[in-house]
Structures are given as C-alpha cells and as structure tokens.
Participant: 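This is the structure, below, for whatever I ask next.
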Amino acid sequence: MLDTRALVWLRWRQFKDTAVYWLRVLGYQPNENALSQNLYVVYLMAIGVFWLYTVGGFILTSAAIIGTLLEYDSVILILVVLSYGIFFAQVWVIMNALRSTPLKLSFSDMAWVAASPIRRSAPVIVGFARQSLIRIFLLGIASALLAALVHYPFVGDNYGDMIFRAVTVVIPLVVIVWGMGWAVGLLRLIDPRIGRMRFLWFLPILLIPLAYWFPDPFFWMGRAIVLVMIGSAPVWVVPLLIALAVILSVVVLLLGDRVNMIHAADESVLYARIQALGLMAWRNPDIQRRIFMQMRQAGRKPLLRLPKVQGMATFVTRAILSYLRHPELLVATFAWGAALTYMGLDIVVNARPLQIWLLWLLIVGLVPPAGLLHVFQSDRGEMFLRQFLPVDGLQLLIADMLLPLIVLMLGAVAAVFVRGLDPEVMLIAFMVVPIGAVLVALSGAVALTNTRVLQTRLLATGGSFGAAIIAGAALGTPFAGLAVAFVAAMIMAGIVAGEA
Amino acid sequence: MAEESPLLSVSGVSYRYGSFNALTEVSFDAPEGELIALVGRNGAGKSTLLKSIAGWTRPTDGEVLIMGKKVAREERFIRQHVVLVPDTPPFYDELTAWEHLQFNAQAHRKKDWEEHAEELLEKYGLINNRDAFPFAFSRGMRYKLALCMALLIEPKILLLDEPLGPLDPVSADDLWRELNGHRDEGMTILLSSHQLPPDAHPDRYIILEEGEIIGEGTPDELRETFGLQGAITLDDLLRAVIRARREAEEEALEEEADA
C-alpha cells in the first residue's frame, strides 16, 4: 500500500509539473511565490471552467438539435453500430496488449521504479488506473455527445438524465475493456512461454468470425451499455458491470505482482523514446512517426534490394524501395486521395456553399497525405544527405514522389468510381484528378523549401486550389479552373526547382 | 583562368545570426592536397565556416570559391566536388549501410564502385554491419559510415566537422592515417576539432576565436610566432594563441585608457 501511495504521489508531482509548464505558457510565474500568482492560477482555472461549461453546453445543445433531425431508423443504426464498436474495441485492446506490454514505462520509470525493490503490483495498478482515467475522460466526452445525438426517440427534450447515464456507464465500460486487455497482456509478461509466441497477437481476430456465428455472448456488453444509456436496462445490469469491473481490477492487481519488469522495460522502449521527447512529440508528429518506423524496421530483415541502375533511375528505384519497405505510407496516401476526392465530389455534385469549400481546402492544407512527400522530405531536410544528390529540387521531387503520386491518383479514381457520376462529369473528374494530385504534391514541396512549413503549405494550397476553383466557378467551365491550376503548378514547380 | 585559381578560396566571409557575429571577415586559400586543421574553442565559428564552404549556409558577406566557381551559384558543381560530414550525420531510415553507399555511387554514376565501397567498409570496420540499418549504429559507427559515403564519391575537398569526437582513440589514430593517405592522393581536407591525436600533424592550422582567424600557419610558423618548443600539441597551441590574444587586447585597453 505504501508503495502504491508513493507512486501515486510521484505521478501527481509529474502531473503538477506538466500543469505548471502549461500555466507558464499562459503567464504564470511559479518562482514568484506571491499571492497574486496564486490568484492568477485561480483566475485561469475559473476562466477554463467557464469556457468548458459554455462551449461544452453549446456543443451538447447543437448535438441535441441535430439529433432531433435524425430519423428513428438512423438512431437505431447508430446504437447498433455502437454495440458492435464496443466489441471491436475490446478485440483491438487485447491485440495491442498481446503485441506490446500494457504497462508502459518511461526511461526514468525504468531506472527508478522498475529497478527498485517496491512491489511490482504498485506500478501496474497505478499505470492501469492512470490509463483508465484518461480514457474515461476522453470517452466520457464522446459518450455525452453521442447521448445528446441519439436522445430524441427515447427521452424527448429532456436529455440531461440520458447524458448522465451515458457518461457514468463509461466508467465500468473502460475498466472492463482495458482490464481484460491488461490481464491478457500481463499474463504474457509473466509467462515467458506466452511471451515467445510471436504471432499470438493475431489470435483475437478469430473472435470476429465467432461473434458473427454466436453474436449473443460477444455483443452482450455493447448491448448492455446501450440499454443503460437509453434507460431500458434491467436492474441487475449496472451491478453486474460494476462487479465485473471490480473483479478485473483485482485480477490486474494480482497478476501485477508476478510481472517480469525486465520484459516490461524491454517492450516499453518505443513508448519511452516518444515520452522522452516531451512536448516535441506533440509539436512534431513526424519525429514520433519516424521513431515508430525505425522500431518496426529494426525488427525486420530489409525487404528487396536496391537495384543496380545509374543516374535518375537510382532516385526512382530508391524511392520505390523506401515505400515498399513502409507500405503503410502508400495505404495512407491511397486512403487520403480517396477520402478527399469523395468529399470534393460531394461538394461539387450537391453544389455545397462556399464555407464547405473552404473547410475542404483547410483540410487539404492542414492535413496533407503523410506518405506523399516522405522520401522527398528526408532528401530535402538533411543537408548531409542532400549534398550527395547531384540533381535539382524538381528532378528530385519527381523521382521521389512518382510512386505515391500514382497511388494518390488511384485513391482519387477509386473514389470517383465509388461515388458514381454521369459519364460527362466523370470524364471531367478524371481530368481534374491528376492536376489536383500534382497541386497537393507541389504545395507540400514548396512548403518544405520554407522554414514556415505550415503557413507556406496553407498559402500554396489555398492559392493554387482557390484560384482554380474561383476561375472555374466565375467562368462557368471546369476547363478555366484546369488552366489556372496548370499555371499554378508551373509556378510552384519553378520554386521547387530553384530552392530545394 | 580557372586553372590558376586555388582549389578553395575563402574571402571576407562573415556570418551573422541576428546581432551575433558567428564569423567575421574570414579569408584563406587552400591548394590541392593539403590537410588543414581548423581549431578553436566551442562556439568559435568552426562549424559555421565549414557549412559556408560547403554551401549549406549562405554567408552574410564575402564569398567562397571552389576552383574559381562561386559556391552560392554553382550548387550542382559544388555537390560533385565538396562533401561536408557533420558531427552527427543523419541517414535514411529505409536504407542499409551498404545501400547508402550504393545509392551515392549510382547517383554519381560511378562505375566499378563496389570494390571501393567494400574496401572502405573494411578499412573503417563496418564490413560486418553492411546489411544493418544505420539508425541502430553507435555514434562512432555512424560517423565512419558517413565518411565512407563521402570518400566513395572521391570529392576534391573533404570537410570534416569534429571527426574525432565520436571515435575511440584507436579509430581516431586510424582515421588520421587514412586522412594523410587521401591528402597524399591530392584531396584537400579541412577538419574542425578541438582535439587531435598526439601524433597528428596537419600541414596547416587555422585558429578561430569568436568568429575571427587569430592565427594561421604551418606548425613551424606557429612555433616561431608563439614561441612554442618541440612538437606542437593542440592544447599548447590553443592556450598560447588565446593567451597572446588576451595580452594584445589588454594592451589595447591600457593604451586606450592612457589615451
């Protein structure tokens, strides 16, 4: 108990230090131990609470209003999907726990907690509680929104109780779902025979076909949660959920005492490296992604070999090899192309208002396809590597993005087919896809030539796509838009050739 | 005319970060086949000077010429003849050590590069790690791989930023021997360091302090200028040069006060 208390205190101190960091960003001076500084913290907290209350209230009210517009069948569909979703989340959590330790240790934890003579159950139960609390908080917000959205057919205008039930039921739900995951994951850390089974983490996938044939035992929890949320659950459901949550917490506690901390530390290296980056990990997600990719690559033999070719062919084959060794980048690029094209088509076909166009443009500028410029970025970003490449920026860009650009266009074409358009409109869509993909790539490349990457990308994306959209809309023909897009592409290509 | 130009000519190069002068009016020439040690304390401007020569940064004033061509204008030409190896070189996450060499050689259209690459890896003790990914290497191994990448394309000018820091003493001695060999083959090598192996004798020293060249010359010239005895060690040299500079500054201050 003393060990647990010490660890809880340690985590509280760490939480406080992080909070102080953020308060410093807002002007708090922790070194000046003055009353005015303490009052300032109270003031900031009051503002925060007020902001949360008003904005949260507004969002909930908006969701409730949208909910009144939903048809009964749609509401039922959402709730059915929710009950399935809870089962899939459970499978996903168990898979993750079998893949890597659920008990994540930072480097300092490895040195001072895992290596100390405290009871091993202490870091396990504190880690489990911390992880559960964070999830309860986040899923509680999502659950409240969902309840506001689907309330109407069940409780009419009085949705306060339903939101309360939805938020409360998240507590046992999170403890059960993650408790099961932790229990399975800890068993792996206890018994080396289980730990040695490399592909064990695939096993939970087998639950999915089983759930198809025998839905009741697998979907009962999701259904129970839905029933509690809408206020139709039998009396025994909530006590059963609470009892299950308590039992699983005790199981986690008991298993925690037998965990091999060396295995836990060994498997926590990835988490620890990202955690050591601190805020940098949030400010620069590329670093996080790079660490993930390095760790994944480190455990594999290199796939294929770099072909023996000369000159430009070397650049192209090297880029293709890089993508083949990280196929997830191509999958992400394909998905991005498909999703954004589908959205764009929806806007055009349904003649959505200007605000929706702006939102679409903002998404294109803010969330570019991560894989598209992955190789170009590594060539361009490191001067040591760039100096070995005797080609100009545009040549390099073309070689580096050839494969992902094709994949991006394939994604876009797939979306065009899925959307289903008139032959005439489809023809225009197929003409727009290549130039649109090139504009996305060039906007990203131009941004990489500047130190203010985000601002430049937003400007380049907004400028190029915006000018093309305006030209197309003003002159009433898509060909005008295509012509403007072509000119914009030429200008950006010139910048990349000269600067990169 | 280009034949008459020195291989490397740095004239009046200054570099400012905001109000901070990282380099002030730095000028020197380097002919073919010379090994120059650029020495100075931390923050003296050594790395900035090397980056300016390699074209990684654009000097605020002055210019760098390689074989008579301006670094700022002839980027592609410079990339074929000048290589800078920084103190912590980065690598591609997706390529193995061998593939880094292969990619470089093929990008430069080198023929029969494989034997040379194997020889380099053997020489620098990386042959058993040829199929490993460099991100898993130690700092010293990473530096050695970066050197192999640089040497494989046989640049005319090799710039090394703190090459001896990441290396163990034996590897540092080996590296120095190798560098002498490359110098004898006609390569001009400019390396920055604040430590050199005891038996390391560069052809020329350039001493930087607060972004300015405060001493320059062959070991004999420096021995004479600063009244040093016997074989010059880097420590002795740096101390003597900085002492001389401080004395000069104090004298100047006294003269100013008297005036």
Participant: In residues 328-340 of chain A, what donor-acceptor pairs under 3.5 Å come from side-chain atoms, sequence neighbours left out?
Facilitator:
residue: A/E328; atom: OE2; partner: A/R296; partner atom: NH1; Å: 3.1
residue: A/E328; atom: OE2; partner: A/H326; partner atom: ND1; Å: 3.2
residue: A/T333; atom: OG1; partner: A/L329; partner atom: O; Å: 2.6
residue: A/W336; atom: NE1; partner: A/V367; partner atom: O; Å: 2.7

Participant: Take a 6.0 Å sphere around CG of A/L366 and say whether it holds more than 12 heavy atoms from other residues, nucleotides or ligands.
Facilitator: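 Counting neighbours around CG of A/L366, more than 12 heavy atoms of other residues, nucleotides or ligands fall under 6.0 Å, so yes.
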
Participant: At what distance, to the nearest 0.5 angstrom, does OG1 of B/T96 lie from CZ of A/R325?
Facilitator: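 That separation rounds to 6.0 Å.
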
Participant: Using a cut-off of under 4.5 Å on heavy-atom pairs, state which of B/Q106, B/Q102, B/E94 scores highest against chain A.
Facilitator: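 Between B/Q106, B/Q102, B/E94, the count favours B/Q106.
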
Participant: Which answer fits B/K110, side chain, backbone, both or neither, if we ask what part of it has an atom under 4.5 Å from a heavy atom of chain A?
Facilitator: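 When you check distances to chain A, only backbone atoms of B/K110 fall under 4.5 Å.
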
Participant: Go through the steps to decide whether B/M149 and A/L385 satisfy the test side-chain contact (heavy atoms from CB on, under 4.5 Å), and finish with yes or no.
Facilitator: CA-CA 10 Å; B/M149 287 168 71; A/L385 297 171; 4.2 Å; yes

Participant: Near B/F28 CZ, under 6.0 Å, is it more than 12 heavy atoms from other residues, nucleotides or ligands?
Facilitator: yes

Participant: Just how far is it from atom CG of A/L389 to atom CZ of B/R76, taken to the nearest 0.5 Å?
Facilitator: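 The distance works out to 11.0 Å.
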
Participant: I would like to know whether A/Q387 and B/W56 meet side-chain contact (heavy atoms from CB on, under 4.5 Å); could you show each step before the answer?
Facilitator: CA-CA 9 Å; A/Q387 70 182 339; B/W56 290 19; 3.6 Å; yes

Participant: Using non-hydrogen atoms and a limit below 4.5 Å, what part of residues 305-314 of chain A faces chain B?
Facilitator: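 Against chain B, the residues of residues 305-314 of chain A that fall inside the cut-off (heavy atoms, under 4.5 Å) are A/R305, A/L306, A/P307, A/K308, A/V309, A/Q310, A/G311, A/M312, A/T314.
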
Participant: Tell me, for B/A132 versus chain A, whether the close heavy atoms (under 4.5 Å) come from the side chain, the backbone, both or neither.
Facilitator: neither

Participant: Only counting residues at least two apart or in another chain, list the ones meeting salt bridge (Lys or Arg N to Asp or Glu O under 4.0 Å) with B/R139.
Facilitator: none

Participant: Between B/L95 and chain A, which part of the residue has a heavy atom less than 4.5 Å away: side chain, backbone, both or neither?
Facilitator: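 Its backbone and side chain both get close to chain A.
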
Participant: Given that the side chain runs from C-beta out, which part of B/A136 has a heavy atom under 4.5 Å from chain A: side chain, backbone, both or neither?
Facilitator: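 Contact with chain A is absent: no heavy atom of B/A136 under 4.5 Å.
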
Participant: Quick one: what part of B/L84 sits under 4.5 Å from any heavy atom of chain A, side chain, backbone, both or neither?
Facilitator: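 When you check distances to chain A, atoms from both the backbone and side chain of B/L84 fall under 4.5 Å.
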
Participant: Going through the checks in order, is the side-chain contact (heavy atoms from CB on, under 4.5 Å) test met by B/V85 and A/F384?
Facilitator: CA-CA 7 Å; B/V85 182; A/F384 171 67; 4.3 Å; yes

Participant: Stepwise, does the side-chain contact (heavy atoms from CB on, under 4.5 Å) test hold for B/F135 with A/I291?
Facilitator: CA-CA 10 Å; B/F135 59 74; A/I291 292 174; over 6 Å; no

Participant: Side chain, backbone, both or neither: which part of B/Q80 has an atom under 4.5 Å from a heavy atom of chain A?
Facilitator: side chain

Participant: B/Y92 ring centre to A/R318 NZ or CZ under 6.0 Å, with the angle to the axis within 45°?
Facilitator: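 That pair qualifies as a cation-pi contact.
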
Participant: Against chain A, label B/R109 side chain, backbone, both or neither, depending on which of its atoms sit under 4.5 Å from a heavy atom there.
Facilitator: both

Participant: Going by ring-ring contact (aromatic ring centres under 6.0 Å, His included), name the residues that satisfy it together with B/H81, two or more places apart in sequence or in a different chain.
Facilitator: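 So B/H81 forms a ring-ring contact (aromatic ring centres under 6.0 Å, His included) with B/F77.
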
